[in-house]
Amino acid sequence: MTALMWFRRDLRVSDNRALYQATAAGGGVVAVALITPLQWQKQNESPAKLSFWLACLQELAGRLAELGIKLHVEEVPDNADIPEFMQQFARARKCDALYFNREYEYYEQQRDETVKRVMQAQKIRTFDFADRLLIEPGRLLTGSGGYYTVFTPFKKSWLGLLSRADLEPLPLPAPVAAALPTPELPVAEISSRLGLPGWPSDLWPAGETAAQKRLAEFAGGALETYHELRDLPAVDGTSRLSPWLACGAISPRQCLAVVIRDNKKLPAAGSGGEAWLNELVWRDFYTHVVVGFPRVSRSQPFQKKTAGLQWRYDECDLKAWQSGLTGYPIVDAAMRQLKQTGWMHNRLRMVAAMFLSKHLLIDWRLGEKYFMQNLLDGDLAANNGGWQWSASTGTDAVPYFRIFNPFTQSQRFDADGGFIRRYCPELEPVSAVALHDPKKLAAEIAKKKISYPAPVVDHKLARERALAAFKNL
DNA sequence: CAGTGATTAAC
DNA sequence: TTAATCACT
């Protein structure tokens with residue numbers, strides 16, 4: 001009796017529900033992870049993220065070996081080829097059961113349904129588990145039985161289920177066989193063949209051990225002031241756990257355990273813990289939205305009436321935004337942070353996304369795609385949810401038209417300009433007041449002969465143009 | 001009269 | 001969340 005454990009976005013040994021059950025079944029366990037270059041390309045997976053994932057796989061292989069489980073890394077061009085591959089792989093290794101953790105996006109659900117059907121036709125049983133979120137899609141519905149579309153009532157209902165939900169991290173699985181030697185995965189070979197950048201990075205060392213270390217660091221440090229410092233991009237005030245969460249090197253239950261300790265007691269109102277818990281709930285929320293409204297993962301707006309919006313398709317403005325040359329310091333610093341590090345501070349994701357979709361009136365889907373192609377933590381649900389929120393095509397419930405003033409945002413969240421200057425070094429000689437004031441900025445740039453672009457668009461005009469475009473719907 | 005703080009409308 | 005407006009210094 002051998003169980004086949006299929007790793008996807010759950011690259012860890014600890015608190016992995018499918019792996020735990022596979023090891024508890026009483027037989028041997030074989031593990032597999034798939035390299036799917038064509039599928040990755042279709043889904044705009046970023047090279048940095050794939051490189052990070054491969055490095056995580058290398059660590060995972062070592063930890064599995066300690067449990068007597070061999071991890072096979074196999075290449076299959078795209079999702080359509082997976083069912084046939086899995087079936088042959090399982091038969092070749094005499095596996096009689098397939099274990100995996102559920103994924104919720106449209107294409108992933110289709111893939112998994114087909115795999116289940118094909119395996120069951122071969123008399124191979126399949127077991128799939130709720131692992132990726134704190135509370136599974138479908139378990140939280142409105143009074144009329146639909147999916148929530150507004151965060152606040154979703155959260156209320158989420159908290160209501162908290163005491164009944166099974167959210168304790170699992171103990172480490174017991175070894176199923178004698179420890180194996182740590183396998184050498186062809187990571188470097190795959191990486192160079194796919195043209196991926198190298199790893200490691202100091203900010204995001206790969207693997208679940210590093211993820212646990214970062215969580216402990218955050219829990220004992222920035223968590224306490226999270227509510228006060230999380231919006232300041234110059235400060236290391238966030239958890240920075242997103243790359244590990246995205247590939248499952250850490251589980252949301254392990255994160256939750258840091259804020260909900262004894263008897264599932266909620267963190268105090270107004271505390272850092274409460275603010276961070278909110279972000280974990282947002283993560284659930286956007287994945288629930290993707291399941292409840294599958295059109296959002298198929299390039300459709302959540303708000304159907306915005307489907308006809310006349311976006312500008314201005315290649316030049318799009319390029320300026322992508323390369324951090326819009327003439328709006330906070331936007332440019334944000335976009336350069338993304339390009340240079342594969343990560344962007346959450347506050348700035350909102351600022352940058354709103355600038356593209358409102359100021360430049362460029363289709364949010366182009367921004368969504370660019371983020372996916374560059375982010376280390378790219379996650380369809382969170383990225384799509386964030387973009388649609390920024391573009392006002394999503395679930396945002398405010399009664400007014402949301403459009404950030406980039407200068408007001410930088411004044412509030414980067415008052416001394418420390419973050420802007422870090423990523424836009426040419427603005428080093430510019431005074432802090434000028435960084436948040438277009439007129440003074442233009443004057444200082446002229447006077448000090450600094451090479452920095454003039455704003456691609458005037459804020460007031462852009463604002464009016466966006467308002468008019470949405471009014472026309 | 002320029003600058004600032006409080007209030008409110010936007011849907 | 002922003003910006004316009006009004007009261008006030």
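- Per the geometry, CZ belonging to F401(A) stands 13 Å off P belonging to dT2(C), to the nearest Å.
- In this structure, R298(A) satisfies the cation-pi test against Y106(A), with its NZ or CZ atom closer than 6.0 Å to the six-membered ring centre and inside 45 degrees of the ring normal.
- Here F404(A) does not lie in a stacked arrangement on the base of dT1(C), lacking the combination of planes under 30° and ring centres under 5.5 Å apart.
- Between the CE atom of M350(A) and the C1' atom of dT2(C) there is a distance of 15 Å, given to the nearest Å.
- Protein atom CG of L473(A) is 13 Å distant from nucleotide atom C1' of dC11(B), rounded to whole Å.
- Residue contacts shown for I403(A) are limited to sugar-phosphate atoms, with no base heavy atom under 4.0 Å away.
- Within the 4.0 angstrom heavy-atom criterion, no nucleotide atom of any strand lies near K358(A).
- Taking every side-chain heavy atom of R412(A) into account, dT2(C) is the closest of dT2(C), dA10(B), dC11(B).
- Less than 6.0 angstrom separates the ring centroid of F218(A) from the ring centroid of W276(A).
- Side-chain atoms of K155(A) do not come within 3.5 Å of backbone N or O of N278(A) as any donor-acceptor pair.
- Rounded to a whole Å, the CZ atom of R402(A) is 13 Å from the C1' atom of dA10(B).
- Spacing between atom CG of L467(A) and atom P of dA4(C) amounts to 11 Å, rounded to whole angstrom units.
- Between Q409(A) atom CD and dT1(C) atom P the separation is 7 Å, expressed in whole Å.
- In summary, the aromatic rings of F371(A) and W387(A) are positioned with their centroids under 6.0 Å apart.
- OP1 or OP2 of dT1(C) has not a single side-chain nitrogen or oxygen of N405(A) nearer than 4.0 Å.
- OP1 and OP2 of dT2(C) both lie 4.0 Å or more from every side-chain N or O belonging to H459(A).
- Without hydrogens or angle criteria, S357(A) side chain to A353(A) main chain gives a donor-acceptor distance under 3.5 Å.
- Spacing between atom CD of Q411(A) and atom C1' of dT4(B) amounts to 14 Å, rounded to whole angstrom units.
- Look at CZ on R463(A): it is 9 Å from C1' on dT1(C), rounded to the nearest Å.
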